[in-house]
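I have placed the structure first, in the form of structure tokens, so that the comments after it can refer back to it.
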Amino acid sequence: MCGIVGYIGDGIANNVLLEGLKKLEYRGYDSCGIATIVGGTFDVFKTTKRIDGLVQYAKKAPESHIGLGHTRWATHGGVNEKNAHPHISNSKKIAVVHNGIIENYITLREMLKSKGFTFMSDTDTEVISNLIEYYYKGNLLEATKKAVDMVEGSYALGIMCIDEPNEIVVTKRNSPLIVGLGDGENFIASDFSAILKYTNRISVLENDEFAVIEKNGMAFFDKNAEPRGNEIKIIGAKENDVEKNGYDHFMLKEINESTITIKNTLSEYLKDDKIKFDLKLTNEELKNINQIHIVACGTAMHAGLNGKNIIEKLTRIPVNVEVASEFRYKNPILKENDLVIFISQSGETADTIASIELVKEKNIKFISIVNVKESTIDRMSENILYTRAGAEIAVASTKAYVAQVCVIDLFAIYLAQILKTVSDKVLKSLILELKNIHEKVQAALEDDKKYIEYAKKIKDDKSVFFLGRGIDYYIALEASLKLKEISYIHSEATQFGELKHGPIALIEEGTNSIVVSTDKRLRSKVYSNIKEIKARGANVLLITNEKSPQPEFYDDIIELPEVNELFSPIVAIVPLQLVAYHVTILKGLDVDKPRNLAKSVTVE
Ligand code: M6R
């Protein structure tokens, strides 16, 4: 979604802003802009083209040492230059970049209109620049505080003022914002990746806090605009993490990083073949769990469905998986001894964050599975299990899913150990299998030529079916999401047994159907279902870990290494991610930045 970067220092502001915006491109955007201060006025340039449009301008632009940049993902108002950020106030004194949504912008706009302000754009953001101007009496921090006190909604704001050209003021509520400390220069950003090239010394702003950033220093203020201490942390991430490292696309690089991701994630919690979690939940509390709820969005929710499968099988504790945008508004039934597990790669997903707030209010125990350290969810959770996927840049989540599944699998085994619902011998063998699963993923990665051939078959399709039963249906759901979000081919995942209750009406001569079959117990049922769709003309790609199945059950086949069905999502998803990738490349689409999508969904 929207991205913010800001700079103040001895360097050329535009250079830093453009590099930062380039790094933020992966979040998804439809227009972008920069503003710097030059000779007592703002030099502003906006475009609906890619960042390269700004680069052309910046080459000729006058030099400046302070500036703000923004990538906009349209919410209020269409995609055009007047709606792009930065927004400048009526007297051209204040410039603002904003991520989030101002919910009461209509009331504020009417109030400002009654005071004589006029509006150039259709955005909610323009009320902020004018509101700050309205309150400005020579102190930008003070005026910002007064303005945001009036605002309802979510925001991360970067603000410059012509009368105070040596500072940038920032504040945030429910939208991430960090400041970065350099030598003789300082930075602001909505995401570490934008400034990682320059510094890994950062401070994360909490809701309603403010910071004033100058060239040689920065000061932090609490929600009353009273000074608070400065806390700067060193972020472990390296710039390399956000480069393609020789791959054509981030998505391909990230799928290929699945093996190292699995090793890193498992080694975080597996010590001498024993699972060690640093949770503030006693064994007694874990033994008394009544029900588990897993709450997440998109791919992370699909990892949660895998969690339901393995936790229920190993512990017999009922698990309810909910989409966060539903959970937060449904007044969920939560009991004292329930446990909620939240899953998020970015740690910034608005609906997941709101669901955590709700669970906190009700005092229910919860654990968060998060990839990005220092993200909002990381900071609001007492019990954290990290996935060690490293930076995931492509919008389509791949290695993060694999890591989320690994962590949930470990948690299920850990719980079964405490509850003694499974024998030690079986648990040991599960741990051993998980420890070596990266080898099977590596084997699946090596069959790439086959995936390209299959991608050629389906690239011109209008619709593709993904079918499976049990855990294989959950894999089908994730595979279907992958294909549709990047290739724009409509796809539908259906529980195979449900097909004849309706969807089979859509199967006709040549309908490409991808069948996932890793659960031996259900295989004969799956084969009967395959016969039914083949009888109606479907072409079947069978993804299976059965050795040499009868050719009558498939037209194409992807043979997976032998894998316990409890862990099959980790292995089976990889070929399907690669098929989705190759289809998209064959169609000539932008695989890392699919249309309308953003990497982290920071608005609801
Ligand atoms: O950052 P999160 O894991 O909370 O994001 C949740 C979803 O937005 C995300 O998994 C999305 O579905 C994927 N980008 C799809 O590939």
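First listed ligand is number 1; within each ligand, the first listed atom is number 1.
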(message) Any carboxylate oxygen within less than 4.0 angstrom of a Lys/Arg side-chain nitrogen, looking at E268 and R388?
(response) yes
(request) State plainly whether the residues D378 and K373 are in salt-bridge range, i.e. N to O under 4.0 Å. (result) no
(request) Just need the protein heavy atom nearest to atom 8 (O) of ligand 1, so name the residue and atom and give the distance. (result) V601 CG2, 4.0 Å
(request) Determine, for Y488 and K587, whether the Lys NZ or Arg CZ falls below 6.0 Å from the six-membered ring centre while staying within 45 degrees of the axis. (result) no
(request) Go through ligand 1 atom by atom and flag the ones less than 4.0 Å from a non-hydrogen atom of A396. (result) 16 (O)
(message) Tell me which one of V372, V370, I343 satisfies side chain to side chain contact (heavy atoms under 4.5 Å, CB included) with I377.
(response) V370
(request) Anything under 30° is parallel, anything over 60° is perpendicular, the rest tilted; go ahead and classify F342 against F366. (result) perpendicular
(message) Using a 3.5 Å cut-off on N or O atoms only, is T352 in polar contact with ligand 1?
(response) no
(message) Ring-plane angle category for F327 and H293, please: parallel below 30°, perpendicular beyond 60°, tilted otherwise.
(response) tilted
(message) Taking 4.0 angstrom as the limit and counting only heavy atoms of G298, give me the atoms of ligand 1 inside it, by number and element.
(response) 12 (O)
(message) Give me the nearest non-hydrogen protein atom to atom 5 (O) of ligand 1 as residue plus atom name, then the distance to 0.1 Å.
(response) T349 OG1, 3.5 Å
(request) Can you pull out the closest protein heavy atom to atom 10 (O) of ligand 1? Residue, atom name and distance to 0.1 Å, please. (result) T299 N, 3.2 Å
(message) Checking the N or O distance criterion of under 3.5 Å, is ligand 1 in contact with V395?
(response) yes
(message) So, applying salt bridge (charged side-chain N to carboxylate O under 4.0 Å, His left out) with E322, which one of K330, K308, R328 is it?
(response) K330
(request) Considering only NZ, NE, NH1 and NH2 on the basic side and carboxylate oxygens on the acidic side, decide whether K399 and E257 come within less than 4.0 Å. (result) yes
(message) Assess whether a salt bridge exists between E453 and K449, defined as any Lys/Arg side-chain N lying under 4.0 Å from an Asp/Glu carboxylate O.
(response) no
(request) Please could you name the atoms of ligand 1 that A300 approaches to less than 4.0 Å, counting only its heavy atoms? (result) 3 (O), 10 (O)
(message) Heavy-atom pairs closer than 4.0 Å: do any link ligand 1 to the side chain of K482, the backbone, both, or neither?
(response) side chain
(message) I need the nearest protein heavy-atom contact for atom 3 (O) of ligand 1: residue, atom name and distance, please.
(response) Q345 N, 2.6 Å
(request) Report the nearest protein non-hydrogen atom to atom 1 (O) of ligand 1: residue, atom name, distance rounded to 0.1 Å. (result) S346 OG, 2.6 Å
(message) For atom 16 (O) of ligand 1, what's the nearest protein heavy-atom neighbour? Residue, atom name and distance, please.
(response) E485 OE2, 2.5 Å
(message) Please classify the E348 to ligand 1 contact at 4.0 Å (heavy-atom distances, strictly less than): side chain, backbone, both or neither.
(response) neither
(request) Considering only non-hydrogen protein atoms, determine which one is nearest to atom 6 (C) of ligand 1 and report residue, atom name and distance to 0.1 Å. (result) C297 O, 3.3 Å
